[in-house]
2 protein chains.
Amino acid sequence: MTHRSLEAGIQSIAELSRDASDLLICSTRQKPLAKGQVLLPEGQVCKTIWYVEKGYLRTFYNKDGKEINTRFSFENEFVTDLKSLRSGAPSACWIQAGEATVVWEFAKVTLLDLYRQSAEIESFGRNLLEQMLVDQEDHANLFRIHSPTERYAYVVRHFPQLLQRVSLSQLSSYLGMARETVSRIRKNR
Amino acid sequence: MTHRSLEAGIQSIAELSRDASDLLICSTRQKPLAKGQVLLPEGQVCKTIWYVEKGYLRTFYNKDGKEINTRFSFENEFVTDLKSLRSGAPSACWIQAGEATVVWEFAKVTLLDLYRQSAEIESFGRNLLEQMLVDQEDHANLFRIHSPTERYAYVVRHFPQLLQRVSLSQLSSYLGMARETVSRIRKNR
DNA sequence: TTCATTTTGTGATTTTCGTCACAGGTTGAT
DNA sequence: ATCAACCTGTGACGAAAATCACAAAATGAA
């Protein structure tokens, strides 16, 4: 078990000194997940940020018994339920492994400590949030600006791996349309 | 011209010492805006974060000649185009005063300096981003989880001032539907 | 006040997409 | 290899919302 992937992931967010990088890395634990294993169930308070080393995590909401996927987090991405993490309120979403997956866990309490200890790590936290916010805005704008057909085209162009690794049924709710509609859009290309 | 509103706005994001608060406040300039005045045009690189003291700012995208509003930032809110601010790429959106408005400007370069000078201010930056991200996710989930009628009800319940201060036509694109649809939904309540 | 401009309401029609139903494929476990 | 469970494609149909057209109402400027 090495830290190479994690280290690279951290450095891609902010360039840290060896000391700061070590501090961060020593505060995590690696965790293997079986496909389908739940990291955060709805109703539970989120206390963790996860880094995906291998596999992917799926974030979804339950609306009238139907699952609505809002995020797929692949290798080298960080993910959490920030609303719950920040406020301590019960999570409104689920986070679950979509494949056999390996994650690194960052506990909120530990991170807050590190922020106080190290300006570099606080800066890392800020940079991570900036990137998450930009990603989030991009995905939100998909819905606000683009039609279903354009949304599908956007994924084909910018996130082709989504089509490889996620089933069409799961993709459909991520794109805000019915499974059948994705199937028909896909045909007409 | 006092700093009272700005100070309160800053403290609502993170509790800062008098020194840190003064550092931040001294780095800003107040700017009055006429209704319709543009702060950031599409294509320009965003170099500023704005705090709204009075009035509101409207963020919108131009899609095939039609304006699509993605945000209304009222009193005591911070706003920017983070994607452009962060990357230095030209902005894809416009930011414009929706009423006669007073804002405080934070220049990116100055902020980056302050982050290096003061861990407290870096922490303020991180907290501001956290709040922006939570707000952003909430609005994104509006589209992913709720139908047009539910989206309208959500605004009535959670952001009633939007209905008071923004025209129905402007609201409609914010809610992702046609003007006529908002009008009909409003009637049936 | 008056008049032009903008905003809103409403009906008729069309389009898009969701829902339902079912057949054919694929996958994975035993 | 076999079978069950799941996934995808496709047609028929209906519901929801967009578009178009225009009237009524509100707003703002001179």
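Scope of the values below: all heavy atoms of this structure, side chains included, with no hydrogens, waters or symmetry mates. Residue numbering restarts at 1 for every chain, and letters A, B, ... go by the order of the sequence lines.
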Round to the nearest Å and state the distance from B/K187 atom NZ to C/dT8 atom C1'.
12 Å
Provide, to the nearest angstrom, the distance between the CD atom belonging to A/E99 and the C1' atom belonging to C/dG28.
16 Å
Flag yes if B/I68 and B/Y174 sit in one hydrophobic cluster, no otherwise; membership is Ile, Leu, Val, Met, Phe, Trp, Tyr, and two members link when side-chain heavy atoms are under 4.5 Å apart.
no
Would you tell me whether A/E7 and A/S21 have side-chain atoms, one donor and one acceptor, within less than 3.5 Å of each other?
no
So which of residues 159-171 of chain B are in contact with DNA chain D, with a heavy-atom cut-off of under 4.0 Å?
none
A/K63/B/E150 salt bridge by N-O under 4.0 Å criterion
yes
D/dT19 C1' sits how many Å from B/M177 CE, rounded?
16 Å
Has B/R186 got a side-chain N or O lying under 4.0 Å from the OP1 or OP2 atom of C/dG9?
yes
Pair of N/O donor and acceptor under 3.5 Å linking D/dG9 base with A/R179 side chain
yes
Against the side chain of A/A178, the closest entry in C/dG18, C/dG11, D/dA18 is C/dG18
Cluster link B/I10 to A/L129, ILVMFWY, side chain under 4.5 Å:
yes
Distance check needed: D/dG9 C1' versus A/I185 CD1, whole Å only.
14 Å
Quick check: on DNA chain D, is the nucleotide nearest B/K35 upstream (toward 5') of the one nearest B/E180, or the reverse? Name the residue that is more 5'.
B/E180
Starting from C1' on D/dA18, measure out to CZ on B/R184 and report it in whole angstrom.
9 Å
Decide, yes or no, whether a salt bridge links B/K54 with B/E75 under the criterion of side-chain N to carboxylate O below 4.0 Å.
no
Quick one: do A/D81 and A/T59 satisfy side chain to side chain contact (heavy atoms under 4.5 Å, CB included)? Show the steps, please.
CA-CA 9 Å; A/D81 173 4; A/T59 301; over 6 Å; no
B/S183 has its side chain closest, among C/dG18, C/dC17, C/dG9, to C/dG9
Nearest whole angstrom, please: distance from the P of D/dC6 to the CD of A/E67.
12 Å
Return the value, rounded to whole Å, for the distance between atom CG of A/N188 and atom C1' of C/dT16.
13 Å
Atom CD1 of A/I68 to atom C1' of C/dG18: distance rounded to whole Å?
14 Å
A/N141 and side-chain hydrogen bond (donor to acceptor under 3.5 Å, both in side chains): which single residue from A/E137, A/H139, A/R144 fits?
A/R144
